[in-house]
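Values in this document were obtained by computation on a predicted structure and should not be read as measured data. Convention: sequence-line order gives letters A, B, ...; per-chain numbering from 1.
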Number of protein chains: 2
Amino acid sequence: MAMDDRKFRILQAIIDDYILTAEPVGSRTISKKYDMGLSSATIRNEMSDLEELGYLDQPHVSAGRVPSAKAYRLYVDQLLEQGTLRNLDEETVRAHFTGRAHQMEDIIDQAAQVLSTMTNYLAVVLPPSGRPPVIRNIQLVPVATGSALVVIVTDTGIVRDTVIRYNGQLSSDTLYAISQALTQELSGKTLPEALEVLPEVSRRVGDNADLLRSLSGFLGERKEKGRKPHVAVGGTSRMLTLPEYSDMERVRNLLSLVEARDRLASIVRQNGNVQFTVRIGPESGIPEMENCSIVTATYSTYSGQQGTIGVIGPTRMQYQKVISVLSSMGQQLTELFGHEDGHAGPGDSSDERRHS
Amino acid sequence: MAMDDRKFRILQAIIDDYILTAEPVGSRTISKKYDMGLSSATIRNEMSDLEELGYLDQPHVSAGRVPSAKAYRLYVDQLLEQGTLRNLDEETVRAHFTGRAHQMEDIIDQAAQVLSTMTNYLAVVLPPSGRPPVIRNIQLVPVATGSALVVIVTDTGIVRDTVIRYNGQLSSDTLYAISQALTQELSGKTLPEALEVLPEVSRRVGDNADLLRSLSGFLGERKEKGRKPHVAVGGTSRMLTLPEYSDMERVRNLLSLVEARDRLASIVRQNGNVQFTVRIGPESGIPEMENCSIVTATYSTYSGQQGTIGVIGPTRMQYQKVISVLSSMGQQLTELFGHEDGHAGPGDSSDERRHS
DNA sequence: GTTAGCACTCAATCAAGGTGAGTGCTAACT
DNA sequence: AGTTAGCACTCACCTTGATTGAGTGCTAAC
């Protein structure tokens with residue numbers, strides 16, 4: 001016995017209904033609500049077949065049927081194939097996501113916010129990452145006697161800054177001179193490379209050994225740990241309204257996942273070059289995500305770095321909606337970061353980008 | 001009838017027991033577990049009095065008694081008076097809170113983490129704020145053609161940065177010259193003040209009207225919205241293990257509060273100059289916090305700015321522990337920020353501070 | 001003033017029975 | 001051969017009622 005067209009249509013109806021209600025679906029419901037022109041008995045036979053084929057599960061004998069992960073997989077694959085769903089939410093996303101902010105973090109926060117309100121699920125947005133950033137400019141700004149702010153502008157537009165301290169006093173002009181020297185020597189290099197050549201540079205620049213040692217220490221630390229990236233999350237509380245989270249155990253699971261940002265990031269992060277990933281239930285291989293689906297998309301920056309945006313929800317997720325919204329958001333982030341200044345947002349207050 | 005010493009001791013026992021078990025406390029429990037040398041009947045009489053005095057509530061007639069907000073208030077006041085509890089957790093806090101980080105945000109994140117693990121409640125840490133920061137130094141760092149990073153170093157050590165764009169090309173040296181001029185003119189001023197005099201400065205500096213307009217726009221925006229401060233939160237998932245959060249409704253309340261960081265901040269933020277605040281249940285005046293207590297403490301920076309750290313938990317909170325931990329943490333943050341560089345953490349890798 | 005004793009209350013627990021949604025199977029129908 | 005009506009069966013869920021036990025308030029004796 002194989003999957004024929006009628007079986008598929010019935011399966012689809014079951015999935016649709018289950019996504020809507022979160023209740024096991026009975027044969028009578030399908031026969032009546034989705035008029036297939038078939039009696040419940042016939043549906044019943046087909047459902048029995050579908051169960052045998054592994055597309056349906058039965059919580060217990062006198063309950064309706066529930067779609068299996070395999071069913072969702074089929075459903076989603078079919079959705080993606082026909083590809084009609086894209087861009088349905090394009091405009092709504094544009095309307096809510098202004099991207100009008102100066103800091104990268106604000107932007108991804110806002111993106112997560114929009115994603116979660118539009119989908120009603122948990123949204124995660126990871127900042128761009130990828131190949132190591134290349135130094136463009138180093139600037140030392142006097143803060144107080146004996147301390148300076150190090151600003152490193154990289155090609156990704158991400159600015160890393162910290163205060164270092166040194167002995168003695170250096171004038172603003174001296175610091176500028178050192179900055180220029182450092183920029184000269186180090187621009188075009190990645191952070192680890194810069195760290196390597198720093199001693200040599202230090203010799204050449206000469207008499208500020210102390211300051212350069214501090215700088216070196218800072219770079220070294222950064223190399224090891226990296227700045228832990230800011231992971232934006234939205235919609236946690238919204239998830240709790242879903243019936244699947246009336247179970248405390250699951251809520252706790254979800255919450256501790258959300259709290260462990262780095263773990264969350266590693267779960268969501270998408271490798272490879274596909275535009276989309278849909279991982280349904282156990283496909284993710286993550287034990288506590290058995291009942292969740294993870295849909296991710298990517299966006300990219302002008303410098304070729306890649307970021308991930310993702311939505312986590314129950315397996316009975318509104319896949320069409322989620323995929324459509326993610327797709328639009330991915331596109332818009334790509335647009336937003338697709339410009340030379342790297343940092344986001346129209347610094348001037350022009351409104352062009354929305355229509356470009 | 002008034003509160004006498006015996007009544008007080010009984011009340012204390014009830015509170016202690018309720019804090020421990022979260023179950024209504026019966027007369028027999030008090031008589032046996034806390035040997036008062038009194039029979040349950042006597043305790044019962046006293047409890048009846050205590051109820052009449054408003055210190056105890058009875059969920060229903062055949063249940064034990066539960067301390068009222070008034071009881072906790074008395075209990076806490078008494079704790080604070082005797083003041084013996086301070087510094088009990090000093091060492092543990094020191095051990096877990098290294099404060100070893102370059103970014104302010106990392107530090108307050110870590111502080112929230114430590115607070116929540118040590119108390120098992122929800123911890124909130126607000127960055128220092130207070131009088132408006134005064135500009136010390138302005139620096140424009142070239143990022144790409146037509147765009148520059150604005151770094152403003154303020155006396156609070158907090159660095160605000162953003163990329164602005166302008167027409168045309170300016171060399172690194174030109175930008176430096178402008179930076180110097182701006183620093184000259186604007187240092188010592190607050191942001192709003194700077195915004196006011198900027199047009200004038202613009203005239204004097206001359207031919208870079210476009211850039212200065214961008215800068216002015218940026219400052220104006222900042223003035224309005226301010227950079228939304230980073231509010232660190234820790235221990236959300238830990239709260240769910242408490243029996244009072246087996247109710248979904250409450251969990252949702254808590255969660256949406258945690259998600260609305262600004263609201264959370266306004267709840268926790270402590271005004272006035274007291275070292276401590278303990279708000280018990282309805283005292284906070286916040287409807288959804290009726291069953292919660294909020295304990296806050298402050299820390300301050302060398303520049304006189306003040307930050308708040310707080311713990312939110314059920315009214316039957318372990319007040320002693322919480323107060324002690326908050327106290328130690330506040331002290332340590334004050335120490336940490338009590339130095340000229342404002343930005344935190346030993347930039348060098350010396351270990352001195354832990355013993356200073 | 002303290003305590004033992006007793007009647008009383010009431011949430012919580014559990015078993016028993018009823019209900020209804022849903023199934024699987026069979027036999028009749030097209 | 002596919003479809004459908006009918007029927008027996010299953011089982012989660014709800015209701016009901018009885019039981020239990022923690023806890024109280026009151027009274028009378030110490």
Side-chain N or O of [X] versus OP1/OP2 of [N]: is the shortest distance under 4.0 Å?
| X | N | value |
| --- | --- | --- |
| A:S39 | D:dT4 | yes |
| B:R28 | D:dG21 | no |
| A:S62 | C:dA21 | no |

I'd like to know if the side chain of B:T119 reaches the main chain of B:L115, judged simply by a donor and an acceptor atom lying under 3.5 Å from each other, with no hydrogens or angles considered. yes
Side-chain (B:Q12) to main-chain (B:Y75) donor-acceptor, under 3.5 angstrom: no
[N] [atom2] sits how many Å from [X] [atom1], rounded?
| X | N | atom1 | atom2 | value |
| --- | --- | --- | --- | --- |
| B:I14 | D:dG23 | CD1 | C1' | 13 Å |
| B:K32 | C:dA4 | NZ | P | 13 Å |
| A:I30 | C:dG22 | CD1 | C1' | 13 Å |
| A:L38 | D:dT3 | CG | C1' | 8 Å |
| A:L56 | C:dT23 | CG | C1' | 13 Å |
| A:D49 | D:dG2 | CG | P | 11 Å |
| A:D5 | D:dG2 | CG | C1' | 16 Å |
| A:I43 | C:dT23 | CD1 | P | 10 Å |

N/O contacts under 3.5 Å, protein versus nucleotides 24-26 of chain C?
unit_1, atom_1, unit_2, atom_2, d
C:dG24, OP1, A:R65, NH2, 2.8
C:dG24, N7, A:R44, NE, 3.2
C:dG24, O6, A:R44, NH2, 3.1

Looking at B:T21, B:N291, B:L242, B:I15, which hits side-chain contact (heavy atoms from CB on, under 4.5 Å) with B:R316? B:L242
Can a side-chain donor-acceptor contact be found between B:D89 and B:S324 if the only test is distance below 3.5 angstrom? yes
Exercise: identify the closest heavy-atom pair between [X] and [Y]:
| X | Y | answer |
| --- | --- | --- |
| B:Q113 | B:S116 | O-OG, 3.0 Å |
| A:M3 | A:L11 | CE-CD2, 3.8 Å |
| B:S284 | B:M289 | OG-CB, 3.7 Å |

Identified stems (criterion: three or more consecutive Watson-Crick or G-U pairs, under 3.5 Å), DNA chain D: C:1-30 with D:1-30
So what does A:S27 touch, heavy atoms closer than 4.0 Å: a base, only the sugar-phosphate, or nothing? sugar-phosphate
Would you call the rings of B:Y319 and B:Y72 parallel, tilted or perpendicular, taking 30° and 60° as the class edges? tilted
Which residues satisfy the side chain to side chain contact (heavy atoms under 4.5 Å, CB included) test with B:K32, sequence neighbours excluded? B:R28
